[in-house]
Amino acid sequence: VQLVESGGGLVQVGGSLRLSCAASGGTFSTYSMGWFRQAPGKEREFVAAVSWSGRNTYYADSVKGRFTISRDSAKNTVYLQMNSLKPEDTAIYYCAANSGPTTTTTEYDYWGQGAQVTVSS
């Protein structure tokens, strides 16, 4: 499975961005999907996840109410809508796919190359 993120960039505090992750080479509809991020000097952390069916979503407390994860199986794509962005949201954002149960840990089978998100004040 190959995952390619897009949609990152530079945005001002309070602004919005939507990340996309296009999947290929596997059966997208059977994978749970997650978004993680890693800031300089910090460990990779969980941001959001969605079950294979799309019925269940999970969020880190730090983004709850501001970020929304969704998936479009017709397009083999998962999205992360990010609103009310803060400087502490600055990080490289990674998309991940898991053939097992939806998880908030980093135990995913496949990872994208990452997309930089920078929130300036």
*Do Val119 and Ile92 belong to the same hydrophobic cluster, where Ile, Leu, Val, Met, Phe, Trp and Tyr are linked whenever their side-chain heavy atoms lie under 4.5 Å apart, directly or via other members?*
no
*Would a hydrophobic clustering, with Ile, Leu, Val, Met, Phe, Trp and Tyr connected at side-chain separations under 4.5 Å, put Val13 with Tyr93?*
yes
*Which heavy atom in Val47 sits nearest to a heavy atom in Phe67, and how many Å separate them?*
CG1-CD2, 3.7 Å
*Kindly compute the distance separating CG (Leu85) from OG (Ser120), expressed to the nearest 0.5 Å.*
10.5 Å
_Value rounded to 0.5 Å, distance of CG in Leu19 from CD in Gln81_ = 9.0 Å
*Examine Tyr79 and Val1 and state if one hydrophobic cluster contains both, with Ile, Leu, Val, Met, Phe, Trp and Tyr joined whenever side-chain heavy atoms are less than 4.5 Å apart.*
no
*Roughly how far, to the nearest 0.5 Å, is the CG atom of Leu80 from the OG atom of Ser70?*
8.5 Å
*What is the minimum heavy-atom distance between Ala39 and Thr90, and which atoms define it?*
CB-O, 3.7 Å
*Does the ring centre of Phe46 sit less than 6.0 Å away from the ring centre of Tyr58?*
no
*Closest contact, heavy atoms only, Tyr59 versus Thr68*: OH-CA, 3.4 Å
_Close side-chain approach of Met82 and Val11, heavy atoms under 4.5 Å_ = no
*Walk me through it: do Val50 and Val78 pass the test side-chain contact (heavy atoms from CB on, under 4.5 Å)?*
CA-CA 9 Å; Val50 60; Val78 63; 4.2 Å; yes
_Geometric cation-pi criterion, Arg71 with Phe28: 6.0 Å, 45°_ = yes
*Roughly how far, to the nearest 0.5 Å, is the OG atom of Ser16 from the CZ atom of Arg18?*
12.0 Å
*Could you label the plane-to-plane angle of the Tyr94 and Trp111 rings as parallel, tilted or perpendicular, counting under 30° as parallel and over 60° as perpendicular?*
perpendicular
_Arg66 side chain near Asp89 side chain, heavy-atom distance below 4.5 Å_ = yes
*Nearest-0.5 Å distance that lies between atom OH in Tyr108 and atom CG in Leu3*: 11.5 Å
*Where do Ser20 and Thr77 come nearest, in terms of heavy atoms and distance?*
CB-CG2, 4.2 Å
*Can the positive tip of Arg44 be found less than 6.0 Å from the middle of the six-membered ring of Phe36, inside 45° of the ring normal?*
no
*Taking every non-hydrogen atom, the tightest pair across Gln2 and Gly25*: OE1-CA, 4.0 Å
_So which atom in Cys95 and which in Glu5 form the shortest heavy-atom distance, rounded to 0.1 Å?_
N-OE2, 2.8 Å
*Are any of the side-chain nitrogens in Asp61 or Lys64 under 4.0 Å away from the carboxylate oxygens of its partner?*
yes
*Examine distances only and state if a side-chain atom of Ser51 and a backbone atom of Asn56 form a donor-acceptor pair shorter than 3.5 Å.*
yes
*Nonpolar side-chain network containing Leu10, other nodes, edges under 4.5 Å*: none
_Spacing of CD belonging to Gln12 relative to OG belonging to Ser121, to within rounding of 0.5 Å_ = 9.5 Å
*How far apart are the C-alpha atoms of Val117 and Arg37, what are their side-chain angles, what is the distance that settles it, and do they pass the side-chain contact (heavy atoms from CB on, under 4.5 Å) test?*
CA-CA 9 Å; Val117 171; Arg37 66 187 181 187; over 6 Å; no
*Counting heavy atoms not belonging to Glu107, are there more than 12 under 6.0 Å from its CD?*
no
*Could you walk me through whether Trp52 and Asn98 pass the side-chain contact (heavy atoms from CB on, under 4.5 Å) test, one step at a time?*
CA-CA 9 Å; Trp52 64 269; Asn98 189 30; over 6 Å; no
